[in-house]
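Here the structure is laid out as structure tokens; the discussion comes afterwards.
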Amino acid sequence: MHIALVPAAGIGQRFNIHTVNQRPKQYTHLNEKTMLEHTVQALLNFSDFVQVLVVVSLTDTDAAYYLSDLLKQYSDRLILSFVGGETRAATVSNGLKVLIKQGFDDNTWIWVHDAARP
């Protein structure tokens, strides 16, 4: 079994968000969709992923909006979790804790893919 974990709680610090309307990098538009939408759609298109978990910050007000169509279409495979941490590593760790609570066996692979690298 394969699960994709997408840490998307960052603010795009190295991306110099001041030049991109104060939006984190994952919400920058690329061909009419955000980078986050492109990334999540690509992972959902890969049928080996039984689940895609997107981890955003507790205060993120954009993720549910931008992912609303995908959340409806893939309600059985796409999960949005508001447990992002102060760092990318903390966000991944918090996402892993969410997955551990669901339970899985030793044959489960968890793949981590950055939200802003579609």
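Side chains included, hydrogens not; waters and symmetry mates left out as well; all remaining heavy atoms used.
Judged as a side chain to side chain donor-acceptor pair (under 3.5 Å), the pairs with a partner in residues 88-103 (not counting sequence neighbours) are, in order, Gln51-Gln102, Arg88-Asp114.
Note on ring orientation: taking the six-membered ring where Trp is involved, the planes of Phe49 and Trp111 are perpendicular (angle over 60°, cut-offs 30° and 60°).
For Asn107, the side chain to side chain contact (heavy atoms under 4.5 Å, CB included) test picks out Asp105, with sequence neighbours left out. Residues meeting the salt bridge (Lys or Arg N to Asp or Glu O under 4.0 Å) test with Asp48, sequence neighbours left out: none. Partners of Arg77 according to the side-chain hydrogen bond (donor to acceptor under 3.5 Å, both in side chains) rule, which considers only residues two or more places apart in sequence or in another chain, do not exist here. Scored by the side-chain hydrogen bond (donor to acceptor under 3.5 Å, both in side chains) test, Asn31 finds no partners at all (sequence neighbours excluded).
Taken to the nearest 0.5 Å, the CE atom of Met1 stands 13.5 Å off from the CH2 atom of Trp109. Of the inter-residue distances, the one linking Leu5 atom CG with Ser81 atom OG reads 9.0 Å to the nearest 0.5 angstrom. One distance of note links OG1 of Thr34 with NZ of Lys25; it measures 13.5 Å at 0.5 Å rounding. Note: His38 NE2 to Glu32 CD = 9.0 Å, rounded to the nearest 0.5 Å.
For the pair Val54/Val40, a side-chain contact is recorded, criterion being any heavy-atom separation below 4.5 Å from C-beta on. Within the 4.5 Å cutoff, side-chain heavy atoms of Leu99 are placed close to those of Ile3.
When atom types are taken as modelled, the side chain of His113 and the backbone of Thr39 share no donor-acceptor pair closer than 3.5 angstrom.
Between Ala8 and Ala115, the shortest heavy-atom contact is CB-CB, 3.5 Å. Listed here is the closest heavy atom pair of Ser57 and Phe82: O-CD2, 3.3 Å. Residue Gly95 comes nearest to Val83 through the heavy atom pair N-CG2, 4.4 Å, listed as atom of the first residue, atom of the second, then distance.
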Show your reasoning for whether side chain to side chain contact (heavy atoms under 4.5 Å, CB included) applies to Leu36 and Val6. CA-CA 9 Å; Leu36 178 61; Val6 181; 4.3 Å; yes

Under the side chain to side chain contact (heavy atoms under 4.5 Å, CB included) rule, what do Leu44 and Phe46 come out as? Steps first, then yes or no, please. CA-CA 5 Å; Leu44 289 166; Phe46 187 57; over 6 Å; no

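Hydrophobic clustering (side-chain heavy atoms under 4.5 Å, transitive across Ile, Leu, Val, Met, Phe, Trp, Tyr) keeps Val55 apart from Leu78.
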Side-chain donor-acceptor contacts of residues 64-75 below 3.5 Å, not counting sequence neighbours, with atom names and distances?
from	atom 1	to	atom 2	distance (Å)
Ser68	OG	Tyr65	O	3.1
Tyr74	OH	Gln41	NE2	3.3

